Number of protein chains: 2
Amino acid sequence: MIPRMTTKEIILEVAGDLFMDKGFQATSTREIAMKAGITQPNLYHHFKTKEDIYIAVLEKLSLEVREELNHLVTSTENGSLVERLQGILDYLKEKHPVNFFIMSHDMTHEISSDNHQHLYKIWQEAYLAPIIRLFDEYLSEDFPLSSNDLARYYYATIAPFIQKESGFYKQITSEQIIYLFVYGILDREN
Amino acid sequence: MIPRMTTKEIILEVAGDLFMDKGFQATSTREIAMKAGITQPNLYHHFKTKEDIYIAVLEKLSLEVREELNHLVTSTENGSLVERLQGILDYLKEKHPVNFFIMSHDMTHEISSDNHQHLYKIWQEAYLAPIIRLFDEYLSEDFPLSSNDLARYYYATIAPFIQKESGFYKQITSEQIIYLFVYGILDREN
DNA sequence: GTCTATACCCAGATAGAC
DNA sequence: GTCTATCTGGGTATAGAC
């Protein structure tokens with residue numbers, strides 16, 4: 001099957017890989033154009049600015065992540081928390097190995113404030129909301145943290161594992177990360 | 001007491017704040033010079049390149065962190081693991097609120113390979129080694145992860161909390177982070 | 001819709017006077 | 001040791017021909 005993609009789609013795909021791996025600043029329009037097989041000024045026929053490319057990339061990514069995470073959460077209702085969290089982790093690593101902290105940094109520091117609100121909102125809906133719903137199923141009333149905070153904590157712990165060639169987690173498997181996250185490193189003293 | 005610092009010391013202090021907050025790329029030599037109260041070319045009297053400034057900053061930071069973390073670990077031998085981990089977290093946030101993932105990214109992607117090995121080594125000695133020694137005291141023989149991996153996992157979980165104005169962890173306190181890290185979110189099924 | 005040519009800016013770094 | 005002036009290169013973005 002021949003992939004008959006439009007130039008605009010190719011740009012989004014190439015730019016997505018670069019932005020999510022290296023970040024907004026470190027990705028040049030020249031590099032995007034080169035990898036897309038076009039000239040650099042041609043980008044500006046399809047998008048008004050570099051920031052507009054970034055926004056389109058994040059919108060497309062968020063849409064996909066939102067749908068898949070929602071599907072994963074609802075379709076595994078009978079599974080254990082450990083299994084479900086690991087399923088999410090494996091999906092993200094496999095399909096969208098983004099550099100989470102660069103993404104977070106870009107959204108708050110590299111993007112104009114006009115677009116910031118919009119991006120933050122769709123990011124929340126895609127990444128945070130499904131995890132929050134998941135935790136709501138398991139946590140007792142008196143748990144000291146909100147599901148929102150816990151979802152953020154979850155992403156912090158898995159972030160180095162998800163991103164490409166991080167090397168930060170050396171030998172850790174996704175099973176081990178989730179086990180640590182859920183049960184910690186010591187038994188509670190009851 | 002009047003702080004009688006040399007120009008070189010001022011440069012290192014100013015550059016350290018900027019590099020550890022915004023990263024290598026996003027920090028310009030013009031900004032360093034301006035905040036240090038000198039002209040930009042004057043930087044090049046004291047350091048050969050921008051990268052050399054970065055290296056000097058990380059060497060100084062690592063020395064300080066290494067000594068303080070080693071001191072914290074050895075001087076609290078009678079404390080609980082939770083107390084000791086929290087002491088380390090509070091020290092890092094208070095004294096060296098670095099952006100951990102930017103630092104890690106810079107060391108591996110922005111610095112020439114000649115200096116990379118050197119930086120990674122002193123970073124390990126300063127940040128990783130003391131935590132590894134600490135975990136060695138507590139973990140049973142059959143624990144599935146190495147203390148090295150666990151130390152890295154520790155830094156991943158605390159990283160968003162340490163850095164300035166992250167906003168990623170919204171309401172979480174240092175106590176809660178450490179509690180989550182040590183005991184997880186659910187009881188083990190024994 | 002894609003190209004060549006180029007404007008414009010900001011970065012790191014150097015030359016040389018004082 | 002610090003300055004002014006400047007070089008060189010890379011970045012984003014625009015003009016205009018085809």
Side-chain angles (χ1 to χ4, degrees), chain A residues 2-58 102 105-107 109-116 119, chain B residues 2-58 102 105-107 109-116 119:
Chain A
I2 297 153
R4 200 165 287 281
M5 294 170 74
T6 66
T7 301
K8 194 163 183 172
E9 287 168 340
I10 295 173
I11 292 170
L12 283 181
E13 188 155 297
V14 167
D17 289 346
L18 291 169
F19 281 144
M20 293 306 125
D21 186 34
K22 315 192 330 179
F24 184 78
Q25 280 247 30
T27 301
S28 72
T29 54
R30 283 182 167 93
E31 189 177 3
I32 296 171
M34 201 195 63
K35 297 214 167 145
I38 58 174
T39 59
Q40 184 259 355
N42 193 5
L43 287 177
Y44 290 83
H45 174 76
H46 299 280
F47 297 93
K48 233 165 53 93
T49 64
K50 179 184 170 184
E51 184 167 318
D52 279 357
I53 303 178
Y54 187 84
I55 290 163
V57 161
L58 221 66
I102 286 184
H105 174 268
D106 285 343
M107 276 196 293
H109 290 91
E110 307 290 348
I111 301 303
S112 71
S113 55
D114 292 358
N115 296 313
H116 175 212
L119 284 191
Chain B
I2 295 154
R4 200 165 286 280
M5 295 169 74
T6 66
T7 301
K8 194 164 183 171
E9 288 167 340
I10 295 172
I11 292 170
L12 282 182
E13 188 156 298
V14 167
D17 289 345
L18 291 168
F19 281 143
M20 293 306 127
D21 186 32
K22 315 191 333 179
F24 183 78
Q25 281 247 29
T27 301
S28 72
T29 54
R30 284 181 165 84
E31 189 177 3
I32 295 170
M34 200 195 63
K35 296 213 165 145
I38 59 174
T39 59
Q40 183 258 356
N42 193 4
L43 288 176
Y44 290 83
H45 175 76
H46 300 280
F47 297 93
K48 232 165 52 95
T49 64
K50 180 184 170 184
E51 184 167 317
D52 280 356
I53 303 178
Y54 186 83
I55 290 164
V57 162
L58 221 66
I102 286 183
H105 173 267
D106 285 344
M107 275 195 294
H109 290 91
E110 308 290 348
I111 301 302
S112 70
S113 55
D114 292 358
N115 296 314
H116 175 213
L119 284 191

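What you see below is based on every heavy atom in this structure, not just the backbone, and it leaves out hydrogens, waters and symmetry mates. The structure presented is a predicted model; accordingly, all values stated were derived computationally and were not measured. Letters go in sequence order (proteins before strands), and every chain restarts at 1.
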Quiz item: Of B/Ser28 and A/His46, whose nearest nucleotide on DNA chain C comes first from the 5' end?
Solution: A/His46

Over how many whole Å does the gap from [X] atom [atom1] to [N] atom [atom2] extend?
X: B/Phe47; N: C/dT14; atom1: CZ; atom2: P; value: 15 Å
X: B/His45; N: C/dA13; atom1: NE2; atom2: P; value: 17 Å
X: A/Gln25; N: C/dC10; atom1: CD; atom2: P; value: 13 Å
X: B/Ile53; N: C/dG12; atom1: CD1; atom2: P; value: 9 Å
X: B/Leu18; N: C/dG12; atom1: CG; atom2: P; value: 12 Å
X: B/Asn42; N: C/dA15; atom1: CG; atom2: P; value: 16 Å
X: A/Leu43; N: C/dG1; atom1: CG; atom2: P; value: 14 Å
X: B/Met34; N: D/dC3; atom1: CE; atom2: C1'; value: 18 Å

Quiz item: Less than 4.0 Å between a side-chain N and a carboxylate O, is that true for B/Lys22 and B/Glu31?
Solution: yes

Exercise. Answer yes or no: is there an ion pair linking B/Lys50 with B/Glu110, defined by an N-O contact shorter than 4.0 Å?
Key: no

Residue pair [X] / [Y]: nearest heavy atoms and the distance that separates them:
X: A/Phe19; Y: A/Ile32; result: CZ-CD1, 4.0 Å
X: A/Leu43; Y: A/Thr29; result: CD1-O, 3.4 Å
X: A/Val57; Y: A/Gly16; result: CG1-CA, 3.6 Å

Quiz item: Base, sugar-phosphate, or nothing: which does A/Thr6 touch, judged by heavy atoms less than 4.0 Å apart?
Solution: nothing

Quiz item: Which part of the nucleic acid, if any, lies within contact of A/Ile38, taking any heavy atom under 4.0 Å across all strands shown: a base, the sugar-phosphate backbone alone, or nothing?
Solution: sugar-phosphate

For nucleotides 13-17 of chain D, give me every protein contact, N/O to N/O, under 3.5 Å, one pair per line with atom names.
{"unit_1": "D/dA13", "atom_1": "OP2", "unit_2": "A/Tyr44", "atom_2": "OH", "d": "2.6"}
{"unit_1": "D/dA13", "atom_1": "OP2", "unit_2": "A/Lys50", "atom_2": "N", "d": "2.8"}
{"unit_1": "D/dA13", "atom_1": "N7", "unit_2": "A/Gln40", "atom_2": "NE2", "d": "3.0"}
{"unit_1": "D/dA13", "atom_1": "N6", "unit_2": "A/Gln40", "atom_2": "OE1", "d": "3.1"}

Quiz item: Reckon B/Thr39 has a side-chain N or O less than 4.0 Å from the OP1 or OP2 of D/dC3?
Solution: yes

Practice problem: Report yes if the side chains of A/Thr27 and A/Tyr54 come closer than 4.5 Å at any heavy-atom pair, otherwise no. | Solution: no

Quiz item: Any side-chain heavy-atom pair from B/Phe24 and B/His109 closer than 4.5 angstrom?
Solution: no

